[in-house]
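To start, the structure under review is shown below, and the notes come after it.
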Amino acid sequence: MKYMLKVLSMFEMGQRDNQEDYMFPQPGEATDECRDFILCDGMGGHDSGEVASNAVCCAMGGYLLDNGKDDAPFTKEAFLEALNFAYSELDVRDTKAVKKMGTTMTFLKFHKGGCFVAHIGDSRVYHLRPSQGILFETRDHSLVNDLIKIGELTEEEALDFPNRNVITRCMQPGKENRCRADVKEITDVREGDYFFMCSDGVNETLDSNSLAEIILSPSLTDEEKIEAIRMGTEEASDNHTAFLVHVISVEGAPEPVAEPLEQPSPAHAAAVPVESNNKKSGVKIFAVVVVVLFFLAAIASLCYFFIV
């Protein structure tokens, strides 16, 4: 598949003194020709979070530019090669501090076979479609989500949970067991779809439903949508960064799968075989009668021959 895209982004400091988010392509460099998008959020309170986010974005982005093939589907193996390359770059940057630097990672790549999505941590990727809403949303690797999964927290209680910013996976240097990424291969990409990537600073003030309402609003242009998100996150205390990718058209998309024919009701389904069997029985009886008549005619002929 080939895509015509419209790409917009935002890169905001929030109430922080330094910017620990990083994105590839960098702010102001993303164009509608881009097909690779990476967004990282350096770990606040740790040593050199901005170094970690920068290292991962630049390493993965550079690796893809050097080794990517736009005319072929993107595989999980190719992604893991890029991810391991980024981990190796983090190892080089290791300061050996007690509190190691770290970063989340979100990844989106448009390729011949569809879209490849991956993430580590609590930065997110959304796939949205007009009239259908959110089709896919990454699930945060966070303490809150783990507690919800085991039934210790409800969705409502999670909104006010004091440690909701604690993540359970991130990319850090010098780790024997590197955190793995969750991956999603999306093959159903249609004209009009949106993909939205953001750091958790966006979700601090805009939840998934609010984002979907803005992004899928038919009365707003794409520029107005990213501006509405920017205005909606003005009060966020954390850095907040995002890509908004609008799929303008898709060339070579597979034809929609035809809906299966409606199955007959049980009563009708039972009647069909009976009718068919009756017809078959009639044919068999007629054939038997013909054979018997032919046999009797043959006997009569033989008798006449011997009598004469």
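Taken together through direct or relayed side-chain contacts under 4.5 Å among Ile, Leu, Val, Met, Phe, Trp and Tyr, I167 and M105 form parts of separate hydrophobic clusters. Hydrophobic clustering (side-chain heavy atoms under 4.5 Å, transitive across Ile, Leu, Val, Met, Phe, Trp, Tyr) groups I215 together with I226.
Through direct or relayed side-chain contacts under 4.5 Å between Ile, Leu, Val, Met, Phe, Trp and Tyr, M4 connects to I248.
Each of K96, R178, K175, K100 was checked for a salt bridge (charged side-chain N to carboxylate O under 4.0 Å, His left out) with D91, and the lone residue meeting it is R178. Checked options F116, F74, Y3; the residue passing with F110 is Y3 (criterion: ring-ring contact (aromatic ring centres under 6.0 Å, His included)).
Closest heavy-atom contact between L216 and G133: CD1-CA, 3.6 Å. In this structure, V202 and T241 approach most closely via the heavy-atom pair CG2-O, 3.9 Å. Shown here for I214 and L220, the closest heavy-atom pair between the two residues is O-CD1, 4.1 Å. Closest approach of S53 to E20, counting heavy atoms only: OG-O, 2.8 Å.
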What do the steps show when you test F136 against I134 for side-chain contact (heavy atoms from CB on, under 4.5 Å), and what is the final call? CA-CA 6 Å; F136 170 73; I134 298 174; 5.8 Å; no

Applying side-chain contact (heavy atoms from CB on, under 4.5 Å), run through M1 and E251 and close with a yes or a no. CA-CA 6 Å; M1 291 184 284; E251 179 183 336; over 6 Å; no

Begin with the C-alpha distance, continue with both residues' side-chain angles, and end with the deciding distance and a verdict on side-chain contact (heavy atoms from CB on, under 4.5 Å) for F243 and F196. CA-CA 6 Å; F243 279 115; F196 184 70; over 6 Å; no

Go through the steps to decide whether E223 and E227 satisfy the test side-chain contact (heavy atoms from CB on, under 4.5 Å), and finish with yes or no. CA-CA 6 Å; E223 289 78 9; E227 185 59 29; over 6 Å; no

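For NZ of K6, the number of neighbouring non-hydrogen atoms (other residues, nucleotides, ligands) closer than 6.0 Å is greater than 12. More than 12 heavy atoms of other residues, nucleotides or ligands lie within 6.0 Å of CD in E224, so this atom counts as buried by the packing criterion. Heavy atoms from other residues, nucleotides or ligands lying under 6.0 Å from CD of Q132 number more than 12. Summarising the local packing, CD of E29 is surrounded by more than 12 heavy atoms from other residues, nucleotides or ligands at distances under 6.0 Å.
Between H119 and H141, the angle of the ring planes stays under 30°, which puts this pair in the parallel group of the 30/60° scheme.
Not less than 6.0 angstrom separates the ring centroid of F195 from the ring centroid of Y126.
Without hydrogens or angle criteria, T106 side chain to L39 main chain gives a donor-acceptor distance under 3.5 Å.
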